[in-house]
Every structure is written in structure tokens, then in C-alpha cells.
Amino acid sequence: MFSFSKFEHKYDKSVFNHVELLSEDYKVFVNGTEVPVYTCRISAYPLNCMWRGHQRDICQSEEASYVNLVSDEEIRVEVVASNQYERVMVKPYSKGIRTEEKEGKICFTLKENGQYVLELDSYHHCLYIFNGKPIVCEDKAKVAHYFGPGIYFAGKIKMKSGEKMYIDKDALVYGCVYAENADDIEIFGNGILDDGSEERVSGQCYEDFTNGNVKFYDCKNLKIRGVGMKNSAIWCVNLFHCFDVEIDGISVFGQWRYNTDGIDIVNCQRIEIKNSFIHSFDDTITIKGIDRYCDTDNKHIHIENCVLWCDWGKTCEVGIETGCNLYCDIAFRNCDVLRAGNTACDIQNGDWAEIYDVVFEDIRVEYNAFDTPEVYQMTDDMQYEAKNQIAVPNLVSISNHRYRETVPVFCLYTDTAPKGTPYKQTCCHDVTVRNICVYYDERIPKTDNKFSVPIVIRECTDGEPYYNISVKDVTVNGVKLTRENSVLKLNVRNELDIL
């Protein structure tokens, strides 16, 4: 069985119907049936800056396309592209999707559920292909917020303890979700939540002035399954001081506005994120600590079997705000990184936390010759001029430069922070990076016969020295990375187990 999303507005107050626009770039057929191809916007290039009182100019974005499929069987996909191309890529590469061209169609088979991206020559004007498992609502009467087939303009939806929200595969909901001091909340379904109608009014991401796709403060026992989230006004999925959270099979995509981090985990414990696709403009999955919740440590946070795409910033990130005492039992495992932004595997101890028992394991990172470097936009009229350069992200970066000196505009200390914290930075230790597989486009230049896959580990302050940090079993196109063929940037006091 397979089906697909078809978004149709049921109007009753006007003959002027809302029509969700279809893509002009692609036609898609699944098992011989043409399915609707919808549009969203992504960043056209990695140009970013701090909040200047207005949103990012839409001219810095471009149109992308997506299909939202639901299946419990193998499906045959055929794509007709309107533009000329030379190279066809179905990502992640680790899935081994083979394509063939027949009668003007790009043809391939998807044997399992998951999230894929079709790229023709580069990521520009890509096609997202979401192939989710069917998620049904067994009892509509038990769902407080039920969105059946249709297009809805819901605005900010405030959820309470014990409530559920269901979004049907044929439902497109223009709105965002908010909860505070609530327990036992569930959001599920195969439909789409679009935050495009929300306007950002403040530079603050921590406060509730702006919501993003979903925002939770001080909540317990949360479940989010299957839902797609696009066009956030700020951080997309926000977890502030939350406990016992399961996120499974969501898709975050179509993100291009300032500070659209994918998932921000702030002073939380027992968080599980799995089987999800996160394409963020800014940091992809990041674990933060802030003054308001500094008495609560970040613990027992596991990210597994996800497809990650970072346009600007860090992909798998611990920090840079580390305002609490401990970060421990944190793992990123079995993930594909389609684009790494600045860094694929990152730890930044910018405040006073002790960080240990952190694992980056079985990560597959794609280095593409058509990816361009991130640039900080110094003025509103500054243009992106790095379109002909090749981005070379850090594979691993561990550092402890001070957050509040780096980004002072957002970082005034509150009375809740322990006294002396601007000067106290404790250690980062017992960190393991292992079994990392890099796909390296041969068109990326090498220097002195070294792969441009930087590993950066720096002690930037006079805190305790790093220890028990290991980076092992890294391969680049099947070749083992060694100290002789790699780019290492080390500034540490102890000997570390690097390659």
C-alpha cells in the first residue's frame, strides 16, 4: 500500500479558494501514479548574521520541491525534471540508491521507509522525497487537536497536559505548537506543520516572543511522530527544560530564515531522537545550557539513525551555550550528514559545564565539491561572493572559547547563574569519535597529498586540560585517515588518542 499527501482547502466563506502551489521543476510518479509535488524554500547560499531587527531577505532563498509519501511496501519512483542536468544523486549515499534513465524519466526503487533527497548536479532546487510509515488515528474522540484532510490556518496552538494532536497525511497546518508546564503530550501523523505565517519580532531565541514550529518549556513525557515541519520563524523544534521526550520519524525541511536551528535541546534529560530528517539553515541538532535552567544538567540524550543537513553552523553539536554543571551520556550514532555546514561533529564548551561521556559513532559525512563556504554578512547590502569556492567543513571540532565573549549581545548574565561563572570553565574529557566514513568528492583540492577533512581540537582558555579524547577509525573514500594524510589542528596540553 502506498499513498501521498494531497493538500486541498475546504472553503465555506468565499468562492476564492486557497490553492497550494505545485512545483514547476519536477513531475513525480510512484508505482505509475502521478503524485503532487509541492514547493518550499531553502537557503540559496550560506550567508548568515546576527538578528538586525528584520528577517532575512527572501532573495537569499530559492525554491525547492517535495513529495510526501506514505507506504508499507517497496515503491518505484520516476521523476521528470524540467531543467537540464549532467549528474543525478539520490542521498544519503549510504542507502545505495541506484538510478536509471528511461524515456526521459529518472527511475529508482525505494525498498524502505525514510527520507531522501534527489539532487541534479548540486543541492540547488532539490527534491525532498519523504516516504513515511503510515500513522493512523485510532480514536478521533481522544484527540484534542484533530486535523483531517485540508489546509488549516491555525495560528499558535497551545497544548495542555494529556492532550494529543493528529495531523492527517492530507493536512497542511499553517501554525505552530506551544506548551509550558505540561505533561503527556503527543503530536503524530503524516501531515505537515508550516510556521510560515509567524513573524519574528525579537533577537531572542530563548524567550517565547517567537515560537518556531514547536516550542516546549518545562514539559515531561512528550512524543512527536511522523510530522513534517517547514518554514520556521526561528529555532524549529525547541525543548527547554524537558524530560522524557521521544521524537521519531519527523522531517524538518524548507528552512531558510535566520537562526532556523533544527532541534535545540536546552537543559534536558532523557531525550531520544531517531529515524528523522533534519535540514536546518543554522545548527542542526544542538544541546545547550542557559542560565534560567542552569541547575539542570544535560544527560541521557541519544540521537540515532537520522539524516542531517546543515547549511550554516554545526551539525551534531554540544554547546556553545553550556550553562549547567554537567553534560554526560550524550550520543550521536548511525547518522548521515549530507552537508556539514562548518563542522560535522562539534563540542564547544562556552560556559562552565563539565562535558564527558560523549560519543559520535558510525557517522557518514558527505563532502561535496559544489558546496560553498559559509560567510558572515557584515552589512545588510553585503552580497555573497563565495559561489565559486569549495567548502571544506571540519570533520571534528572540540574547543572551549568563551561564549559570552564571542556573542556578547545576547549573553548578559542573570542572577540565576553561579557566581564567578564568566571565569570558570571546567574540563572536556572521555569523548569518543569512532567509525566515521567520509565520502570525499575527488574534485575537492588536496594540499600536500592530504585530504581536506580537518580535525580541530583546541584549548582556548586556562581551564582544566582535556583528557581521554579519542578520534579513531576514520576512512575517506575507503582510505584510512592517518596523521600523515589528514589535516590536524591541535592545541592541547595532554596527549590525545587522535588517529
Trainee: Can you name the closest pair of heavy atoms from I436 and F360 and give their distance?
Mentor: CD1-O, 4.0 Å

Trainee: Do R200 and W51 meet the cation-pi criteria used here (NZ or CZ under 6.0 Å from the six-membered ring centre, within 45° of the axis)?
Mentor: yes

Trainee: Evaluate the criterion salt bridge (Lys or Arg N to Asp or Glu O under 4.0 Å) for residue pair K314 and D283; output intermediate values, then yes/no.
Mentor: CA-CA 5 Å; K314 323 296 182 182; D283 303 325; over 6 Å; no

Trainee: Check whether F29 forms a cation-pi arrangement with K105 (NZ or CZ under 6.0 Å from the six-membered ring centre, at most 45° off the ring normal).
Mentor: yes

Trainee: Answer yes if the side chains of K91 and N368 hold a donor-acceptor pair under 3.5 Å, and no otherwise.
Mentor: yes

Trainee: List the steps, then state whether side-chain hydrogen bond (donor to acceptor under 3.5 Å, both in side chains) holds for D218 with Y293.
Mentor: CA-CA 10 Å; D218 307 298; Y293 300 115; 3.3 Å; yes

Trainee: Yes or no on side-chain hydrogen bond (donor to acceptor under 3.5 Å, both in side chains) for E163 and H145, after CA distance, side-chain angles and deciding distance?
Mentor: CA-CA 8 Å; E163 289 190 337; H145 308 274; 2.9 Å; yes

Trainee: State, with a plain yes or no, whether a side-chain heavy atom of F370 is found less than 4.5 Å away from one of M89.
Mentor: yes

Trainee: Work out which heavy atom in T284 is nearest to a heavy atom in W309; give both atom names and the distance.
Mentor: OG1-O, 3.6 Å

Trainee: Does the side chain of S61 come under 3.5 Å of the side chain of R56 through a donor N or O and an acceptor N or O?
Mentor: no

Trainee: Please confirm whether H241 and F216 have ring centers closer than 6.0 angstrom.
Mentor: no

Trainee: Side chains of D184 and N221: any donor to acceptor distance under 3.5 Å?
Mentor: yes

Trainee: Using a 4.5 Å cut-off on heavy atoms from C-beta on, say whether the side chain of E73 contacts that of N31.
Mentor: yes

Trainee: Checking R76 against F2: charged group under 6.0 Å from the ring centre and within 45 degrees of the axis?
Mentor: no

Trainee: For the residue pair N275 and N305, confirm or rule out a side-chain donor-acceptor distance under 3.5 Å.
Mentor: yes

Trainee: For the pair Y166 and F147, evaluate ring pair (Phe, Tyr, Trp, His ring centres under 6.0 Å) and give the outcome as yes or no after the intermediate values.
Mentor: CA-CA 6 Å; Y166 177 72; F147 295 97; 9.4 Å; no

Trainee: Would Y38 and F7 count as a close aromatic pair, with their ring centres under 6.0 Å?
Mentor: yes

Trainee: Under the side-chain contact (heavy atoms from CB on, under 4.5 Å) test against I271, which residue among D244, I287, L222, V245 passes?
Mentor: V245

Trainee: Dump the intermediate steps for side-chain hydrogen bond (donor to acceptor under 3.5 Å, both in side chains) on Q255 and T260, then the final yes or no.
Mentor: CA-CA 6 Å; Q255 308 293 347; T260 42; 4.9 Å; no

Trainee: Would you check, one step at a time, whether the test ring pair (Phe, Tyr, Trp, His ring centres under 6.0 Å) holds for F277 with F130?
Mentor: CA-CA 9 Å; F277 177 91; F130 303 130; 5.6 Å; yes

Trainee: Report yes or no: is the cationic atom of K215 (NZ for Lys, CZ for Arg) under 6.0 Å from the centre of the six-membered ring of Y178, at an angle within 45° of the ring normal?
Mentor: no

